[in-house]
Amino acid sequence: MNLIWLLVIFVVCSAASLLLCGIAKNLFPTFRSGEHKPGTHRPDMPAGGREIKTIELPLVGGPALTLAIIGTGIWAGFLFQFSRDQWTLLLIGLGALFGYTCVGFVDDWKKVYSNEGLSEIAKFAGVFLVSVTVAVLYFFLLANGQESYSFYKDLPILNQLLCNDPKAAKPEVSVCQVHPGEIAYYAWFIFFVGITAVVGSLTSLSVDFSDGLDGLAGGLVFSASLGLGIVVVGLVNPENSGGIVLEVLALLCAGGVLGFLPWNWPSSWAARHRTAKRRAKVYMGDSGALGLGGMLAIIAIFSRNEWTLLMIGGAFVMEGLSVVISARVLTRLFRRKLTMLRFSGTKEFIPHTEFPLPFLATPLHHHFDLLGWDRRKLVYSAWALGACFALLGVASTLIPSSFQRYIIRILILILAVIIWSSGTWTKCYFVGTYPDRSSRRSRLALFYGYPYRFFGINLYHLVEVIEASEDVIETPAEELALYQRMTIFDARSMLGLYCYRAGYYPAALAQWTRIPERNRVLRPEIARLLVELDERMSLEQQETQPMRRDQILQTAEPILTGNLAPADLPNPHEPIRSEETTDGHTGPWMAIKSSKLYPINNENGDGEENTRTAPLRNEMATIARSNGHNGKATEQSPQSDSANNNGARTGWISRLRPQRNKE
């Protein structure tokens with residue numbers, strides 16, 4: 001019976017979240033972030049430095065789904081008739097969600113009205129304070145909070161501090177009750193508050209880091225909350241009064257995200273590519289990301305599955321680690337201690353993308369976004385990865401055999417290492433040849449990965465094919481540079497040089513301008529070639545520029561001249577033959593047509609009568625009989641010919657009869 005009501009709660013929460021997100025979108029359409037984060041590696045900015053304004057959406061998804069979760073959760077408490085302890089646990093969980101959401105909402109508010117959100121220290125301090133408050137309330141208000149549990153109490157050093165009872169300190173006993181006045185009581189209080197603060201803060205911030213693409217964080221939270229819900233199902237029994245409450249919280253988290261996802265569904269849209277339609281209508285903002293992440297952490301801590309959360313939320317762990325290790329540790333260390341021999345002779349600023357970092361940008365999803373992955377496919381792949389982590393995490397908890405559980409945990413670790421290492425693989429680019437079907441010569445192309453094929457599987461991916469063919473390669477050194485792994489900036493420098501050498505100036509400009517300005521400064525030869533390229537393109541544009549009307553040489557005679565026949569009028573651009581200008585009529589056709597020089601305007605313009613002419617054969621026979629011959633015309637002088645016709649020659653006859661001069 002409880003299962004049916006749990007499904008009802010899940011559906012109601014999803015419907016409420018869907019409805020409230022739509023209402024919030026219509027009520028607050030201008031609640032949009034105005035924050036600007038400078039950097040050449042923002043996914044919404046081109047590498048050339050020219051900023052493309054990001055199309056921001058209303059930051060109302062987080063508050064809407066939070067209200068849906070809190071309202072449905074209170075209704076569920078009355079529906080299941082919770083006891084006092086159950087109500088306390090439910091309100092602590094919903095209060096934690098509200099506290100994390102408030103920290104995120106302050107950050108969103110400052111982004112909207114101050115164009116700058118909270119600083120990293122302020123945001124971390126806010127979520128840390130909320131986590132500590134939740135831990136203190138749970139410890140003092142509930143009996144379960146004053147129990148140290150495995151595996152902490154089983155560790156060699158902590159077992160003496162966290163448990164004073166020798167019988168409960170044994171590994172086969174799962175919990176150890178602590179009492180006021182004992183050393184273990186205060187030690188467990190400090191330890192529990194510290195664990196809750198660390199897990200709650202890092203989980204909420206990791207979910208916030210993953211909220212960088214439409215639908216990415218929502219789909220990952222959905223799979224992680226369902227995984228936690230499956231794990232918590234084992235706690236739903238009459239002996240554990242808090243199990244049903246934790247199950248309700250897990251389903252509320254999944255239902256709230258499910259209702260939000262239709263308003264934030266992923267698409268192939270990107271601010272630098274306007275060819276695809278964007279399906280997302282609202283953002284969850286930091287209020288939603290911090291709230292959902294904190295709620296996941298609280299459910300895991302209250303159910304004593306914080307290590308299981310580490311496996312179920314493996315995608316969040318990788319997002320957070322990519323930021324901490326790459327941006328916060330390695331970049332600062334390399335900035336101070338690393339010396340790059342390639343640029344040791346220059347005084348220019350060395351950007352972090354030249355360092356041997358595991359990713360081009362952080363968080364992790366931005367690295368693959370910069371590699372040119374389709375955003376919708378990228379989000380779907382992340383969802384599939386999150387679902388794999390969730391399934392393996394659930395299996396590692398529910399399988400009874402210890403050996404099988406450890407095997408699954410090793411598989412989770414291997415999967416995480418593969419995904420982490422893929423950042424290094426896809427960062428390595430190389431220039432190779434690509435067969436062109438239209439010609440016998442191969443064209444040059446940009447690839448990333450390794451230039452190998454293993455068991456018929458390509459260990460590389462085609463990025464783009466340029467216009468230049470392999471004929472532009474001139475020296476043996478350039479030949480050896482093919483299929484050698486290099487950074488993306490060196491590869492584009494090489495491709496731009498080949499396009500420039502082949503005469504494809506716009507293609508060369510496109511390659512070089514896609515290199516960030518800071519990286520381009522480190523390659524001074526590109527600046528020199530860009531100046532020369534601008535000159536060549538300006539000269540070429542000037543040569544091909546059409547002439548203006550005032551620059552055209554005006555001729556004395558119009559273009560359309562001559563006494564053209566009516567049949568020739570539809571083609572005014574036909575060249576005028578010299579025979580058409582011998583009669584002296586070189587004026588425009590309309591002027592000739594309206595004048596008396598055109599025969600059709602005169603009834604007797606050339607001495608012809610406007611009468612219907614007889615057939616040519618009968619007319620020739622009549623002329624022959626009038627001359628006294630049997631069908632043979634005699635030679636006559638022009639005078640006699642004019643007398644016989646009485647000065648009225650017909651046009652047809654005068655043009656057909658041969659005219660002979662007397663000798």
Original post:
Between Lys111 and Glu56, is the closest basic N to carboxylate O distance under 4.0 Å?
Top reply: no
Original post:
Can you tell me how far OG1 of Thr133 sits from CZ of Phe128, rounded to the nearest 0.5 angstrom?
Top reply: 10.0 Å
Original post:
Short question: side chain of Thr72, backbone of Ile69 - any donor-acceptor pair under 3.5 Å?
Top reply: no
Original post:
Going through the distances and angles, do Leu292 and Thr101 end up as a side chain to side chain contact (heavy atoms under 4.5 Å, CB included)?
Top reply: CA-CA 8 Å; Leu292 293 174; Thr101 302; over 6 Å; no
**OP:** Evaluate the side-chain hydrogen bond (donor to acceptor under 3.5 Å, both in side chains) criterion for residues Asp85 and Ser83: first the C-alpha distance (whole Å), next the side-chain angles of each, then the deciding distance (0.1 Å), finally the verdict.
**Re:** CA-CA 6 Å; Asp85 290 343; Ser83 62; 5.6 Å; no
**OP:** Would you check if the side chain of Asn305 reaches a backbone N or O of Ala300 as a donor-acceptor pair within less than 3.5 Å?
**Re:** no
Subject >> Chi angles and distances behind the side chain to side chain contact (heavy atoms under 4.5 Å, CB included) call for Val136, Val132 >> reply: CA-CA 6 Å; Val136 171; Val132 170; 4.3 Å; yes
Subject >> Spacing of CZ belonging to Arg278 relative to CG belonging to Asp214, to within rounding of 0.5 Å >> reply: 4.5 Å
Subject >> Approximate separation, where rounding is to 0.5 Å, of Leu252 CG and Ser14 OG >> reply: 9.5 Å
**OP:** For Gly285 and Asp211, work out which heavy atoms get closest and say how close.
**Re:** O-OD2, 3.8 Å
Subject >> Ring centre gap for Tyr138 and Phe192 strictly below 6.0 Å >> reply: yes
Subject >> Side-chain heavy atoms of Leu251 within contact of Leu7, under 4.5 Å >> reply: no
Original post:
So, does Thr196 use its side chain to make a donor-acceptor pair with the main chain of Val193 at under 3.5 Å?
Top reply: no
Original post:
Do the ring planes of Trp420 and Phe359 sit parallel (below 30°), tilted (30 to 60°) or perpendicular (above 60°)?
Top reply: perpendicular
**OP:** Using a 4.5 Å cut-off on heavy atoms from C-beta on, say whether the side chain of Met318 contacts that of Ile419.
**Re:** yes
Original post:
Leu357 versus His352: any side-chain heavy-atom pair under 4.5 Å?
Top reply: yes
Subject >> Value rounded to 0.5 Å, distance of CE in Met311 from CG in Leu391 >> reply: 13.0 Å
Original post:
Judged by atom type as modelled, is there a donor-acceptor pair below 3.5 Å linking the side chain of Trp263 to the main-chain atoms of Leu18?
Top reply: yes
Original post:
Would you say Ser204's side chain and Gly294's backbone share a donor-acceptor pair under 3.5 angstrom?
Top reply: no
Original post:
Hey, would you say the Trp383 and Tyr380 ring centroids sit under 6.0 Å apart?
Top reply: yes
**OP:** In sequence, state the C-alpha distance, the side-chain angles, and the governing distance for Leu6 and Glu247, and then conclude on side chain to side chain contact (heavy atoms under 4.5 Å, CB included).
**Re:** CA-CA 8 Å; Leu6 289 174; Glu247 184 67 25; 3.7 Å; yes
Original post:
Quick check: are there more than 12 heavy atoms from other residues, nucleotides or ligands sitting under 6.0 Å from CZ of Phe151?
Top reply: yes
Subject >> Side chains of Leu246 and Leu89 in contact at under 4.5 Å (non-hydrogen atoms) >> reply: yes
Original post:
Going from CG on Leu91 to CG on Leu141, what distance comes out if it is rounded to the nearest 0.5 angstrom?
Top reply: 10.5 Å
Subject >> Flag side-chain contact, heavy atom, 4.5 Å: Asp208 against Lys123 >> reply: yes
Original post:
Got a donor-acceptor contact below 3.5 angstrom from the Ser322 side chain to the Glu319 backbone?
Top reply: yes
**OP:** Using ring pair (Phe, Tyr, Trp, His ring centres under 6.0 Å) as the criterion, point out the one residue from Tyr149, Tyr185, Tyr152 that pairs with Phe191.
**Re:** Tyr152
Original post:
Looking at side-chain heavy atoms only, is the closest gap between Val323 and Leu205 below 4.5 Å?
Top reply: no
**OP:** Heavy atoms only: give me the nearest His365-Gly212 pair and the separation to one decimal.
**Re:** NE2-CA, 3.4 Å
**OP:** Answer yes or no: does atom CZ of Phe403 have more than 12 heavy-atom neighbours from other residues, nucleotides or ligands under 6.0 Å?
**Re:** no
Original post:
Salt-bridged, Glu147 to Arg304, with N to O below 4.0 Å?
Top reply: yes
Subject >> Which atom of Cys253 lies closest to which atom of Leu296, heavy atoms considered >> reply: SG-CD2, 4.2 Å
**OP:** Measure across Leu90 and Gly73 and return the closest heavy-atom pair with its distance rounded to 0.1 Å.
**Re:** CD2-O, 3.5 Å
**OP:** Report yes if the side chains of Phe316 and Phe209 come closer than 4.5 Å at any heavy-atom pair, otherwise no.
**Re:** no
**OP:** Keeping the roles fixed (side chain from Ser148, backbone from Trp188), state whether a donor-acceptor pair exists under 3.5 Å.
**Re:** no
**OP:** Would you sort out whether Ile9 and Trp75 count as a side chain to side chain contact (heavy atoms under 4.5 Å, CB included), showing the intermediate values?
**Re:** CA-CA 9 Å; Ile9 292 172; Trp75 172 73; 3.8 Å; yes
Original post:
Looking at side-chain heavy atoms only, is the closest gap between Ile298 and Ile92 below 4.5 Å?
Top reply: no
Subject >> Side-chain (Ser225) to main-chain (Phe222) donor-acceptor, under 3.5 angstrom >> reply: yes
Subject >> Arg405 (side chain) donor-acceptor with Pro400 (main chain) under 3.5 angstrom >> reply: yes
**OP:** Could you pull out the closest heavy-atom pair between Val103 and Val130, with the gap in Å?
**Re:** CG2-CG2, 4.1 Å
Original post:
Which class fits the ring pair Phe82 and Trp87: parallel under 30°, tilted 30 to 60°, perpendicular over 60°?
Top reply: perpendicular
**OP:** Taking all non-hydrogen atoms of both residues into account, name the closest pair between Leu364 and Phe368 and its distance.
**Re:** O-CD1, 3.5 Å
Original post:
Counting distance only, does the side-chain N/O of Asp108 pair as donor-acceptor with the main-chain N or O of Ser287 below 3.5 Å?
Top reply: yes
**OP:** Quick one: pull up CE in Met295 and OH in Tyr100 and give me the separation to the nearest 0.5 Å.
**Re:** 12.0 Å
